[in-house]
J.: 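This structure is in structure tokens; I'll ask about it shortly.
First the proteins, then the strands, lettered A, B, ... as listed; each starts at 1.
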Amino acid sequence: MEKGSFEVKVGLAEMLKGGVIMDVTNAEQAKMAEDAGAVAVMALERIPADIREDGGIARMSNPKMIKDIQKIVSIPVMAKCRIGHFAEAQILEALEVDFVDESEVLTPADEKNHIDKNKFKIPFVCGCRDLGEALRRIGEGAAMIRTKGEAGSGNIVEAVRHMRSVIGDIKALTVMSEDELMAESKRLSAPYELVKQTAKLGKLPVPNFAAGGIATPADASLMMQLGAETLFVGSGIFKSEDPPARAKAMVEATTHWDKPEILARVSEGLLEAMKGIDISEIPEGQLLQERGW
Amino acid sequence: MVEESSNKTVGVLALQGDFEKHLSALYEVGVNGKLVRTETELLSVDGLIIPGGESTAMTKLIMTFALEEPLTEFVKTKPVMGTCAGMILLSNQTDSDSVIGFGAINIELERNGFGRQLDSFSADIPLEFTNGNPFHALFIRAPKILNTGEDVISLATHDGETVMARNSNVLVTSFHPELTDNLAIHKYFINQILLSKENLN
């Protein structure tokens, strides 16, 4: 019997496929997310839109809040730690969270190094903007990859850019010969073995999810059609005018992403989505996606 | 080995979870597989696999898309296999109101009975029908079988507890045969349940 092996970590990511993982900031929101059909909740103290607005240092959540959420829901509970902050990750492991998100939404703790995730028994998810970044994180032990998008923006454009970049580079890999793969791995700054494995599989070696700016059922469908296997919805639910109805609609849209008539039906009657911001309105140096490498 | 099944189609309930993995396994075994999301799709298949995933999320989607009645009817008599969350949905009792149990197989269980992700594990377990050849089984936040009815046969145990069981038309596992390359359990379902039911009819 073996616990904490890579296949056991990836196994949980496989179970979350075709679902929606929702950001929640307290037990009440967590229960609402579970009732709406979320496959997991991400426990954090402030949703990304508020982190962006409030400024200051964003850190790992208070363990008390995480425990309260673990008590009230039966679905997996995830939590975020700062990039490179392995001590926060150790605490989250001690709390027995089901997944740790080493996240650019929190203020980075290390500008050079990400966490050595292979050392942990709990699985990690990490964000990426392109294939090289995805494979570097997998090389460090990430069991799930998500696009970074631009968290808290309510704007899907960055998640689309990142997903298209990852999928496009994977497609290119599949038609390369062995000798080209080494040059490509140099270009991507990615581990050669993982580049070879990705070329052979025609997909990432771990589940590939989308995050960052998903706000509507149509956004959900768009990301699924671009190749996402599951969605993270952060500010999109609790910054909308009717969180329970929107949460439920997002879940239904993720199941029936390829049926526009169902998407039309679940979108009908929803109140205003989160307002959102144009990426050009975000001051230079304040893009969350630029954190980590 | 399964040539007779070439005219049979096995559906995989594709509301949420690792349904693609089951579809690949069916392809490897040489059986027609089809993703099932609607009643019409359900009525077009000869057997059904309910995959791993989150049982609460699947329950919501079953209710929302009016699949409770057709599924309840289907799993009563048709060949059905359920893994992890799929087993929960096929059982006759669960520990919560937020999860539906179709009562297709007479077992009582505890969701996440083996613990949270930190307790998820792999183990090589012997199966009753492979002459003791071990099967590399992944248990992910797995449900634990507490009791089984008289008509239920245990097909594998781990630490003395049943982790795979069947009755006349339903096969369930606490673990995830779809996450490994070993097709023994999918083949067993096809040969001993899907095709043998056909023989009985």
J.: Under a 4.5 Å heavy-atom cut-off, does chain A meet the side chain of B/A14, its backbone, both or neither?
T.: backbone

J.: Which atoms of B/D124 come close to chain A, meaning under 4.5 Å heavy atom to heavy atom: side chain ones, backbone ones, both, or neither?
T.: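 Neither; nothing under 4.5 Å.
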
J.: Table please: side-chain donor-acceptor pairs of residues 146-158 of chain B below 3.5 Å, with sequence neighbours left out.
T.:
from   : atom 1 : to     : atom 2 : distance (Å)
B/N147 : ND2    : B/E108 : OE1    : 3.3
B/S154 : OG     : B/T162 : OG1    : 3.2

J.: When you check the gap from the basic side-chain N to the acidic O, do A/K17 and B/D18 get nearer than 4.0 Å?
T.: no

J.: I need the residue from B/T56, B/I140, B/T180, B/L179 with the largest number of non-hydrogen atom pairs under 4.5 Å to chain A.
T.: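 The candidate making the most pairs under 4.5 Å is B/I140.
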
J.: Using non-hydrogen atoms and a 4.5 Å limit, figure out which bit of B/L138 sits close to chain A: side chain, backbone, both or neither.
T.: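 It is the side chain, since no backbone atom gets that close.
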
J.: Between B/M58, B/E20, B/E178, B/H136, which has the largest tally of heavy atom pairs under 4.5 Å with chain A?
T.: B/H136

J.: Taking side chain as everything from C-beta outward and backbone as N, CA, C, O, which of these in B/R37 sits under 4.5 Å from a heavy atom of chain A? Side chain, backbone, both or neither.
T.: both

J.: Return the orientation label for the B/F139 and B/F121 ring planes: parallel under 30°, perpendicular over 60°, tilted otherwise.
T.: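 Geometry flag for B/F121 against B/F139: parallel rings.
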
J.: Taking every heavy-atom pair that is under 4.5 Å apart, which of A/E229, A/E34, A/E7 has the most such pairs with chain B?
T.: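 Highest number of pairs under 4.5 Å: A/E7.
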
J.: Without hydrogens or angle criteria, can the side chains of B/T83 and B/H22 be said to hold a donor-acceptor pair below 3.5 Å?
T.: yes

J.: State, without any angle test, whether B/S120 and A/K3 hold a side-chain donor-acceptor pair at a distance under 3.5 Å.
T.: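 Looking only at side-chain atoms, A/K3 and B/S120 do not form any donor-acceptor pair under 3.5 Å.
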
J.: What part of B/T64 is in contact with chain A, defined as an atom under 4.5 angstrom from a non-hydrogen atom: side chain, backbone, both or neither?
T.: side chain

J.: Does the pair A/E140/A/R137 count as a salt bridge with the N-to-O cut at 4.0 Å?
T.: yes

J.: Kindly indicate, with the supporting measurements, whether the criterion side-chain contact (heavy atoms from CB on, under 4.5 Å) is fulfilled by B/F135 and B/T173.
T.: CA-CA 12 Å; B/F135 188 94; B/T173 61; over 6 Å; no

J.: Check this for me, if you would: do A/K248 and A/E252 make a salt bridge, where the nitrogen-to-carboxylate-oxygen distance has to be below 4.0 angstrom?
T.: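 Between A/E252 and A/K248 there is a salt bridge, with a charged N closer than 4.0 Å to a carboxylate O.
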
J.: Does the distance from a Lys or Arg side-chain N to an Asp or Glu carboxylate O, for B/E161 and B/K144, drop under 4.0 Å?
T.: yes

J.: Is it the side chain or the backbone of B/L118 that comes within 4.5 Å of chain A heavy atoms, both, or neither?
T.: both

J.: Looking at chain B, which one of A/V73, A/I75, A/V77, A/I122 has the largest number of heavy-atom pairs inside 4.5 Å, strictly under?
T.: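 When all of A/V73, A/I75, A/V77, A/I122 are compared, A/I75 has the most.
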
J.: Only pairs of heavy atoms separated by less than 4.5 Å count here; which of B/G17, B/A123, B/G52 has the most with chain A?
T.: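 Top count of heavy-atom pairs under 4.5 Å with chain A: B/G17.
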
J.: When only pairs under 4.5 Å are counted, which of A/V20, A/D35, A/L12, A/V10 shares the most heavy-atom pairs with chain B?
T.: A/L12

J.: Counting heavy-atom pairs under 4.5 Å with chain B, which one of A/P76, A/A36, A/P207, A/P123 comes out on top?
T.: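 It is A/P76.
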
